[in-house]
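Step one of this worksheet: look at the structure below.
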Amino acid sequence: MIRKFTFGTPFPTEAVVTPCPSESGELPYFSREGGSISCRLAPEIPVYGLGEQVRGINKRGWIYISNCSDEPHHLETRSSLYGAHNFLLLGGDAPFGIFIDYPGKITFDIGYTRGDTLTITPEDWNLDLYLIEAEDHKYTTIVRQFREMIGRSYIPPKWAFGYGQSRWGYKTEADIRQVAENHRKNKIPLDAVYLDIDYMERYKDFTVSKERFPDLPALVSDMKKEGIHLVPIIDAGVKAEEGYFVCEEGLKNGYFCKEEDGREFVGAVWPGQSYFPDMLNPKVRRWFGQKYKILLDMGIDGFWNDMNEPAIFYSPKRLNKVLDQAAAFKGQNLDLDKTNELLGLINTLANNPEDYRSFYHEPGKGRPKIRHDKVHNLYGYNMTRAAGEAFEELEPDKRILMFSRSSYIGMHRYGGIWQGDNLSWWSHLLMNVKMMPSLNMCGFLYTGADLGGFGDDTTEDLMLRWLQFGIFTPLMRNHSAMGTREQEAYRFSNMESLRQIIRLRYCLLPYLYSEYMKAALNNDMMFRPLSFDYPDDREASFVEDQLLLGEGLMLAPVCQQNARGRSVYLPENMLLITTSGPEDFRFREMKAGYHYVEAAENELIFFLRRDHILPLAPAAENVEQLDTTRLRAVAYLSRTGSYQLYDDDGTGKDYENPDHYETLTVSLDGSARRSKPEGHILTAEVFPVSED
Ligand code: MIG
């Protein structure tokens with residue numbers, strides 16, 4: 001059951017797709033005082049949600065702010081990252097979900113000021129608030145209702161489930177060819193190479209550097225012959241430059257955000273001084289979205305949208321002001337306070353709230369212009385929506401890969417997200433793990449982190465352990481920052497182990513793709529905290545470093561350097577799978593409870609739940625070459641079991657076609673069959689559940 005409460009005059013974010021009338025009664029659960037609403041948190045009840053945020057799966061005990069930020073330091077003391085996902089699920093015996101559809105800055109104090117109190121404070125009270133309850137009191141039911149309300153999650157092409165290699169630092173066509181060649185030479189599977197900002201002509205969107213990429217269409221087509229897709233980046237800011245077509249068209253039509261006096265707002269980003277397309281205006285969205293056609297026409301079929309919080313390095317106005325003020329420090333003898341003052345001053349240059357308050361959007365449809373800060377969290381959403389809407393128009397029958405850095409709930413219909421500029425830290429591997437279920441709750445299914453870590457230098461064991469988790473995330477991309485240690489799989493002395501783990505991804509794809517599609521089509525979570533499936537298990541509710549993946553798997557990634565195993569909690573008997581690659585699988589039944597499980601550096605451990613089946617494909621060089629006609633099933637059964645396999649051509653959009661489903665049936669005696677007739681082979685290895 002969903003109840004909607006409207007306060008003031010909300011800005012229509014279009015996060016919600018199913019209409020829901022507002023109620024006039026009092027808001028239950030919460031008391032309102034001043035600008036905040038508060039509610040008691042009973043001891044130990046978990047609070048889930050908030051999507052892309054720091055800290056635990058259980059969000060209790062910290063203060064979070066939805067305020068899309070270009071934040072490259074994902075420290076646990078931060079309050080905001082790139083996204084704004086205002087959905088919370090309060091657990092316990094009478095759980096409920098709450099979604100605050102509010103595009104401005106909003107604070108969630110989840111037991112920070114007072115351990116027993118949740119306080120929510122928006123900057124003003126123009127918003128829609130939704131309360132979601134389920135008759136069966138199940139967390140999964142609450143999330144499903146919420147997800148139905150916000151519409152189906154984005155579905156990428158199947159090749160986007162393959163391994164992708166990226167680095168901010170590939171500068172030329174030769175660099176890209178080299179990356180592809182090195183993967184091929186070393187027999188490391190590869191489906192995509194990403195183009196970062198250097199492919200453009202001086203960081204200008206929708207241009208290609210003639211000097212460094214003289215013939216991009218030829219490069220794209222050469223790569224495609226090897227099954228590799230090139231995925232260019234698009235930035236939010238448009239370079240202010242005479243003669244640059246995007247700039248000129250935008251100026252002529254008044255498509256950029258303007259200041260109070262009607263003149264275009266200027267902020268500097270990569271290309272220097274830039275304008276910001278008014279992504280909240282449908283006309284501007286259409287115009288900007290159609291620009292992607294330039295690259296689609298070159299054979300490109302995937303993009304990533306960056307800097308769309310939007311990030312602003314400085315505004316020329318502020319730069320002058322700060323430099324004037326800084327000049328006063330010249331020749332002075334600076335003590336600690338003075339030095340800090342100077343440094344603080346310089347730090348006010350980037351992403352300054354005053355800059356966000358100095359420009360406006362014209363949302364069209366007869367709506368008045370609105371100051372940016374009031375709708376700040378919608379910018380990246382609408383940039384990605386611009387692209388998504390254009391793809392629908394330009395390529396109605398073809399899936400295009402799209403993921404964004406900044407997002408708001410609603411954007412999950414148009415693209416995925418990557419988890420931004422993490423660091424090559426073990427704690428950030430763990431953060432990647434914890435973010436997965438939180439994002440799934442909010443509709444973001446196509447997601448993953450920069451594997452190996454973006455900033456700072458990675459190590460070969462971190463790369464390996466991170467890949468051992470990354471092979472399960474829908475977006476599986478190795479990405480790193482300029483100036484950091486190079487981290488392509490072939491750079492390391494443990495390349496063979498890395499290669500075997502990457503190959504495993506392809507064996508798991510029939511399962512991962514099926515579970516992704518079923519989660520998208522049924523509004524379910526692909527990654528779940530243990531408490532979602534084992535609600536009555538108190539121990540399970542405390543587990544933060546294990547996840548359920550799809551219907552049958554439980555993951556227990558090793559997130560600690562030099563560890564050769566880890567403690568695992570099993571809510572029930574499970575089958576332990578230990579593997580170092582496609583040709584090496586070992587199985588062992590484990591009883592419910594706590595265990596220390598060995599995992600050598602090159603070994604991945606995960607678990608198959610009882611009465612479940614894991615289909616495995618033979619290893620492949622890329623998604624295109626994946627052969628799903630010959631499957632091997634690992635089954636952990638107490639009786640005959642079955643698995644619903646989903647498969648399709650990976651590019652079309654007739655998702656609902658029942659032909660895409662197939663039933664795999666495995667019996668205790670080891671016999672196995674597939675519901676699709678000719679040529680579909682299934683062999684099974686059955687492990688009987690021993691009852692105690
Ligand atoms: O200011 O395009 O998060 O993935 O490599 C940095 C360069 C801009 C930030 C993105 C990162 C990307 C980088 N970008």
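What you are looking at is a predicted structure, and each value in this text was computed from that prediction instead of being measured. In each ligand, atom 1 is the first atom listed, and ligand 1 is the first ligand listed.
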Y408 side-chain N/O to H376 backbone N/O, donor-acceptor pair under 3.5 Å: no
Non-neighbouring partners of P214 that pass side chain to side chain contact (heavy atoms under 4.5 Å, CB included), sequence neighbours left out: E173
Pair listing, ring-ring contact (aromatic ring centres under 6.0 Å, His included) test, anchored in residues 448-469, at least two apart: F454-H479
ring-ring contact (aromatic ring centres under 6.0 Å, His included) partner of W418, the single match among Y446, F444, W304: W304
Within the 4.0 Å heavy-atom sphere of ligand 1, strictly under, residues: W168, D196, I197, I233, W270, W304, D306, M307, R405, W418, D421, F454, H479
Between CD1 on residue I176 and OH on residue Y199, distance to nearest 0.5 Å: 11.5 Å
Selection residues 340-354 - residue pairs positive for salt bridge (charged side-chain N to carboxylate O under 4.0 Å, His left out), sequence neighbours left out: R318-E354, K321-E354, K338-E341
